[in-house]
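Here is the naming used below: chain letters follow the sequence lines, and residue numbers restart at 1 for every chain.
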Number of protein chains: 2
Amino acid sequence: MDGDPPGAAARMRDVARVAQVSAMTVSRALKDPERVSPEVRARVEEAVRRVGYVPNRLAGSLSSSRSNVIGLVVPSIDNSLFASTIQGISDVLRRHGHELMIASSGYGEAAEEAAIRAFLGQRVAGLILHDTTHSPEAVAMIRRAGIPVVENGTLTRQPLDMVVSYSNHDAAMAMTRHLLRLGYRRIGFVTLPLAANERSRDRRRGYAAALEEAGLPYDARLVLEVPPGLAAGVEALDRLLAGGGDPDAIFFAGDVLAIGAALECNRRGWPVPGRVAIAAFDNIDLLGHLVPPVTTLRLPRHEIGRRSAEVLLDRIEGRATGPLAVDLRFEIIHRAST
Amino acid sequence: MDGDPPGAAARMRDVARVAQVSAMTVSRALKDPERVSPEVRARVEEAVRRVGYVPNRLAGSLSSSRSNVIGLVVPSIDNSLFASTIQGISDVLRRHGHELMIASSGYGEAAEEAAIRAFLGQRVAGLILHDTTHSPEAVAMIRRAGIPVVENGTLTRQPLDMVVSYSNHDAAMAMTRHLLRLGYRRIGFVTLPLAANERSRDRRRGYAAALEEAGLPYDARLVLEVPPGLAAGVEALDRLLAGGGDPDAIFFAGDVLAIGAALECNRRGWPVPGRVAIAAFDNIDLLGHLVPPVTTLRLPRHEIGRRSAEVLLDRIEGRATGPLAVDLRFEIIHRAST
DNA sequence: CCGGGAGATGATACCGCTAACCTTTATTCG
DNA sequence: CGAATAAAGGTTAGCGGTATCATCTCCCGG
């Protein structure tokens, strides 16, 4: 504003000159105002305003070896389930003056490793990883960097460091039990690709565990692996009903599969649960508005984000140490579709 | 790997020592391998591997005053429409070795300003802003920083720098015309809060323009402002039908409002478009799967992200200069609901 | 046989900030 | 009243890279 030489951002020494103090005093006035006399503080603040000074955090972090950036790797940004978690993380970080860098791994370990490497290059203060399996090199890099990490895809048994999640195994088991309790005996199970991540595998184990507990056989004709998406839900519905397994209920363990299937039932005029019962895995708003509303699980997506950021900051700011597993529970929402 | 002193990340000089060259040569071998002899390059690469070196980009950026970080401010991360755009941005940036920082403004100029200030503090190489109105201080800071900016909420007439978007005005006008062409005469219009952003205002202007063009009056009883969300769509449906305006079609100009309304019609057993026609604004997958499938607009959400990142990188890497407006068109998807 | 340009590498001085230590000037109290 | 202590501010030396220029070798043509 004051005849700033355009093209060159104001530096601390410019502020210092205007305020007639040393650069160090400017630094203190901004970071630790208590340590500077009120008059000087006022002069500095005024000078900051006049020259339009925005502190260079690159220099600051380099000098103090302290960063205020957190790196987040999610399989995909374009997925409302992850988006809730991201929003939760973002909310907490902003309140604490931290920044968020995001990368998507596209469901692959190699891409995750590249993202982690890039983040470590930026000297992030901590990492949040959605996936719970990682390339050996990624693990080695994180170990070397010695920064805190939170994983939050599932309550994995072998966490890198901290985990904030819910048990996908227990959730799937609980829903399967719920269906069994309601009297369904031939329960179909539709899952996203099992090879992609531990979450899906946990869910299938949970489904199988509930069947076993009930003394029912695991029938491969009742289990289907499909890609994500509405259309895949429709396809799964068809294939399961035609597959000889004769399901009386179908548990769609992920994504929007259940929505696709439920709408397809509407379209065909099939009564639900008369023709077949439908249960979903995620508490997408919409499920409650369908006809009939669909039974599902309430998962703490947003809370996972919030707590992940919190435990990470606790570690970064020295309020906590060591591994930690936070189990944020789930809950069954029973509706008319079962 | 090699007896690395834990807790201390390897620096370039450590690599240099192992490779028996100067730090400068390491720098060159990594950034501009052509300028280093093959033997030395190999030694450096080997040394990098042995010490587990990850270049410190804070130091690099500080020294070269070149950053590879882009800042993005969206109103909300937790909204699938923005999420598509973010994914598009992220995809392009990753291919070019750039990083993405995200902040959400929560639909407020003050929060946007804070996010921009934080990003400028990180010395981002460029900014992408979803909103198209900004606080004067935000504008001043961006000007001072002299970095390229892309706005992408709507094809605003007074861009800060570059715009990549579609015309919300023209899109709403096109849909209203479409309804008029189909013979609807009492067209209701449901919008998100007009005060929140230019996009909503553009859409309402477009609606009004189409009516005027057709010689129809603007009837305030047919226009409703509601918060986002499925439930608000239901509420809007009720209020418009009871409001005395007697609509024969309703154009829901945003969010998931139309979905809420369409499902409510199902629930009540109302024929659509018999009782009332329904049109939506965004190409949410689901709209095509409802009964009946809902007429809507195909908006280039993902493409906006991709192109935004591309034009920004063009400027950052010196392949382009000056303002630029990219109009990514929209398209009407006519379905059975109208 | 020597001047000179190209190619490879090194030395040095920063980038903008903060940690750590130092000086100066009150302030306190035995 | 003087030594001890605190409060406020300054000085200096990096943080880990890169820009810039200098140096050294090698090879060429005249």
Query - Base versus backbone protein contacts along nucleotides 11-22 of chain D [heavy-atom cut-off under 4.0 Å; B, S, -] - result: B--BBBBBBB--
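- B:Asn152 and B:Ser165 share no side-chain donor-acceptor pair at under 3.5 Å.
- A:Gln20 places its CD atom 15 Å from the C1' atom of D:dG10, with the value rounded to the nearest Å.
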Donor-acceptor contacts, no H, no angles, side chain residues 25-37 of chain B, under 3.5 Å, sequence neighbours left out:
residue : atom : partner : partner atom : Å
B:Thr25 : OG1  : B:Ser22 : OG           : 3.2
B:Ser37 : OG   : B:Val40 : N            : 3.4

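- Using a 4.0 Å cut-off between charged side-chain N and carboxylate O, A:Arg41 and A:Glu45 make no salt bridge.
- In this structure, the CG atom of A:Asp32 is 13 Å from the P atom of D:dG9, given to the nearest Å.
- Backbone-only contact: B:Ser37 has heavy atoms under 4.0 Å from sugar-phosphate atoms and none from a base.
- At a threshold of 4.5 Å between non-hydrogen side-chain atoms, the residues B:Val92 and B:Leu313 count as touching.
- Listed by chain and number, the residues in a side chain to side chain donor-acceptor pair (under 3.5 Å) with B:Arg43 amount to none (sequence neighbours excluded).
- Counting to the nearest Å, the P atom of D:dA7 and the CZ atom of A:Arg41 are 14 Å from each other.
- Every pair passing ring-ring contact (aromatic ring centres under 6.0 Å, His included) that includes a residue from residues 127-155 of chain B is listed here, sequence neighbours excluded: B:Phe82-B:His130.
- Side chains of B:Thr154 and B:Glu198: no donor on one and acceptor on the other come within 3.5 Å.
- Applying the side-chain hydrogen bond (donor to acceptor under 3.5 Å, both in side chains) test to pairs two or more places apart or on separate chains, those with a residue in residues 54-66 of chain A are A:Arg57-A:Asn68.
- Axis deviation across the helix from C:dC1-D:dG30 to C:dG30-D:dC1 amounts to 50°, comparing end segments of five pairs, rounded to 10 degrees.
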